[in-house]
Amino acid sequence: MKNSGFRFGKALAFLCISISPFANAQQKQLDPPLMGWSSWNTYRINIDESLIKKQADAMVNQGLKDAGYLFINVDDGFFGYRDEEGNLQTHPQRFPNGMKVIADYIHSKGLKAGIYSDAGSNTCGSLWDNDPNGKAVGLYGHERRDADLFFNQWGYDFIKIDYCGAGQQLDLDEQKRYTEIVEAIRETANRPVSINICRWAYPGAWVKDLSRSWRISPDISANWGSVKFIIGKNLYLSAFAGDGHYNDMDMLEIGRGLSQNEEEVHFGMWCIMSSPLLIGCDLTTIPEASLALLKNPELIALNQDPLGLQAHVVQHEGNGYVLVKDIEKKRGLKRAVAFYNPSDSACTITIPLSTLELGGKTKVRDLIKRENEPSVSNELSYTIPARSVKMVSLEGKTRLEPSRYEAETAFLPQYNDLGKRSRGIDFKQVDEASGKMLVANIGGEAENTIDWNEVYSQKGGKYTIKIACMITTGERSLTDHKLLLTVNGVSQFVPLNTEVVNKLQTVEAVIDLKPGYNTIQMGSPYTWAPNIDCFELIKQN
Ligand code: GLA
């Protein structure tokens, strides 16, 4: 299993030269989501040399290394102070022998080592855990010096870069600040380094160029409300992940008091959504059932699947969600599906196989119980208990052409969750919308679009596109709404009924698709576009 992050300098040049003749013939091998352990959830800043070494020992002894967990990540709490020359010193009592011995010890076990810092001057621990040693030890003004220390002198393979000092205290711009840091690391580190950006909200499409994973939520805690909240945050972010870069749902709280069903939701959803899997409990005392869940090879395989996809919501009716993703081969016959019930009462979830784009007698396997179930031919239907998930893999006989595309699964180039723009493009819950969700605030500038980058047509040809959308009353006059539809770079305005306001309407156009993948974009360069619910494609004869 390949677990390295960025390829720098010479390594990158070598890699490009060595694979380029075959680049088109082979499927690119992607870095999978990171798997390992992090000190934060259980110990916060109260860590030391012997504790970290014991966790590394337990990673091996508990069979977790063999299951694929490789990283031992030291989070906040190792800082000492910055000396007069600007050199970072480690905590004299907690890590009297420094941090290199820790990385060496971790490496001696065949594991990889992770470290932590802040984009600003002061760490989160200095703000929230009253850690006096967290002052002036962040990367701000010391990017290259610290990169040399962490990666070249100490030998760490991963870094999580937090934002407390940079955001709350210095009010820096996220994209600019993280770009400076990542460029410094790329230019300085002489080993592959995996980078995690920790801004506690989806920060924008730029983050994919800078990191292997990025946090999308505030800190997790060991209770159901927190797990459910973070899943909710990630439900519609699948288009922003991919190509070896992942939405980070934060460290696992498994083995820290959740019920069995809640732990299955937690692990199952982190796996199918391809989040990094960083265990957060004391590895020496994990309850047996939690350990077995963390080692479930079929769930881990979903997470580490070579396609590196995050499942998207394909149906949301009543309280139940159905999420799906391809596994092993894109548009092949195998798909993984989660039937997720976040509510506090049981619910029945039924979905036609055709909505999952599969046809014929379809094999079903329960990935939590690790048992085959009877094959199905028409639909899947399960009663899911409160706060529970059923995870299955399916293998159909045929793969069907999709006909409906939801707005909330599309790529939104201008979307972020930083809350800094009053009318930024956003998701909007509307009960009568398909999947109960719209994308709102599209248009106003040419770049503020909604993009489906993989609209699939088996044979190509002419299609009628039916677009469900909603004009909402806003600060501009209603006639200001326009809908520019662009298919594979060819644009047309689709007429809207401007009399229908705050209600769904369906508008249509005729488009040409080519065989294979197509791009469909909607927007309006000078006015608002309507909110978009979904579109359907109907092939013309
Ligand atoms: C922030 C991060 C946490 C953890 C702490 C350390 O809150 O989001 O994951 O790293 O800082 O202080």
Side-chain angles (χ1 to χ4, degrees), residues 33-48 51-52 55 71-81 88 90-91 94-95 99 102 113-140 146 150 156 158-170 172 174 177-178 181 194-203 207 210-223 226-227 229-230 233-234 246-254 256 266 270 275-282 417-419:
L34 211 80
M35 291 175 68
W37 174 86
S38 165
S39 54
W40 182 254
N41 287 4
T42 299
Y43 302 104
R44 298 188 74 94
I45 59 169
N46 306 307
I47 50 176
D48 59 43
L51 185 153
I52 301 291
Q55 296 297 320
F71 280 77
I72 295 285
N73 290 350
V74 179
D75 206 283
D76 206 347
F78 70 89
F79 299 98
Y81 57 97
L88 185 64
T90 42
H91 197 287
R94 298 180 191 149
F95 294 94
M99 300 311 286
I102 307 287
I115 198 83
Y116 166 93
S117 193
D118 194 281
S121 287
N122 300 336
T123 66
C124 293
S126 75
L127 287 169
W128 302 107
D129 289 63
N130 293 324
D131 184 4
N133 301 58
K135 296 248 165 71
V137 290
L139 291 165
Y140 195 56
D146 285 1
F150 294 156
Y156 283 82
F158 163 93
I159 185 166
K160 166 176 170 182
I161 307 169
D162 222 325
Y163 208 66
C164 284
Q168 277 144 283
Q169 300 188 313
L170 301 172
L172 302 178
E174 284 84 355
R177 181 62 193 132
Y178 277 115
I181 295 171
S194 248
I195 295 177
N196 175 269
I197 285 181
C198 182
R199 172 54 182 83
W200 330 293
Y202 176 71
V207 77
L210 300 185
S211 60
R212 179 157 161 194
S213 61
W214 48 86
R215 284 274 297 278
I216 53 136
S217 68
D219 291 5
I220 194 167
S221 47
N223 61 68
S226 173
V227 170
F229 173 77
I230 292 174
K233 281 248 140 213
N234 204 19
Y246 305 97
N247 289 306
D248 176 2
M249 300 167 79
D250 206 358
M251 299 159 293
L252 298 167
E253 292 287 14
I254 290 164
R256 292 185 23 92
H266 186 357
W270 264 236
S275 172
L277 299 177
L278 288 171
I279 304 172
C281 66
D282 176 356
D417 193 20
L418 300 177

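All ligand and atom numbering here is 1-based and tracks the order in the structure. As the structure is a computational prediction, the values presented were derived from the model and not from experiment.
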Regarding N247 and W214, do their side chains bring together a donor and an acceptor under 3.5 Å, going by distance alone?
yes

Indicate yes or no: at least one non-hydrogen side-chain atom of I279 is less than 4.5 angstrom from one of I254.
no

Partner set under side-chain hydrogen bond (donor to acceptor under 3.5 Å, both in side chains) for K233, not counting sequence neighbours:
D417

Taking the ring centre of each residue, are F78 and Y116 less than 6.0 Å apart?
no

Is a side-chain donor or acceptor of R177 paired with a backbone partner of G120 at a separation under 3.5 angstrom?
no

Does a side chain donor of either D75 or S39 reach within less than 3.5 Å of an acceptor in the other side chain?
no

Set of residues that line ligand 1, where lining means a heavy atom lies under 4.0 Å from it
W40, D75, D76, Y116, C124, G125, K160, D162, C198, W200, R215, D219, M251

